[in-house]
Amino acid sequence: MNPTTKPQRSSLVDLDDEELERQLLRQGNLYPTVSRSGHRLFDANGNMPVSAEEREQMVEQVETKFAEIFEILRIDRNDPNSTDTPFRLARMWINELLDGRYSAPPKITVFPNRKDVDELVISKGIKIMSVCSHHWQPISGTCAIGYVPREKVIGLSKFTRIVEWFGRRGQIQEELGEQIADFLIELLDPIALGVVINSKHYCMIARGVEAHDSSTMITSVMRGELSSNQALRNEFLRLIGEQ
Ligand SMILES: [Zn+2]
């Protein structure tokens, strides 16, 4: 961008004018790290909570851009089925599919492991709903999480909220599993932790040959004793079975 052009500022910005000016001067146009309206850019599977007001503003801005895309695609918005689609798309992307990017981490209460539980605790069949960062198509499937507690335990339903928070972003499945594992290690400091995800990628289904319709992707992350103790790993895999 021409550095003499004054950037269009929105009312809600991450950077002050001076810092924005400095960063815009420094960066090229190819891979910017700040937007011209003063927002810091971050990875598709990163997290930066925004206010309800900022979300509203984002939906409005994205709706305008989707409407432009419809024009390029020669889709007439007098077609009643397309009239409000740019708005629906904007709202769906920001408030649903990418919701985890813009929401604060779930509040998770941790309890003491009073009975010194030292066996696997497993939750499986946790719903995965995510979006592939490469093609912006849905990823849907299930996740199994198992851990051997040290001093802390959590309610199993909390796994669902953690998976949801990390899933609702642009993801690749490998990193999704690692993010969930990192979060749980930090929260629980368990003796062992395993995260297995089994999902369908609609970028493969929509674009691929017929054989891809039924293909799934499985990733596993094993930490602590689940990575070093073969017997424990086998037990975990047996207990989660075919998800
Ligand atoms: Zn993809």
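Note that the coordinates shown come from a computational prediction; the quantities given were computed from them, not determined experimentally. As the structure lists them, so they are numbered: ligands from 1, and atoms in each ligand from 1.
Here the options are His134, Gln173, Arg207, the test is side-chain hydrogen bond (donor to acceptor under 3.5 Å, both in side chains), and the partner is His201; only Gln173 passes.
In this structure, Val62 shares a hydrophobic cluster with Phe42, Met48, Val50, Met58, Val59, Phe66, Ile69, Phe70, Leu73, Ile75, Phe87, Leu89, Met92, Trp93, Ile94, Leu97, Leu98, Tyr102, Val131, Trp136, the cluster being traced through Ile, Leu, Val, Met, Phe, Trp and Tyr side chains under 4.5 angstrom apart.
Remark: Leu188 CG to Glu151 CD distance equals 11.5 Å, nearest 0.5 Å.
The two residues Met222 and Leu237 make their nearest non-hydrogen contact at CE-CD2, 3.9 Å. Of all the heavy atoms in Leu184 and Phe159, the pair that sits closest is CD2-CE2, 3.6 Å. In terms of heavy atoms, Phe236 sits closest to Gly194 at CZ-O, 3.8 Å.
For the Zn ion (ligand 1), protein N, O or S atoms closer than 2.8 Å were enumerated as Cys132 SG, His135 ND1, Cys203 SG, with waters left out.
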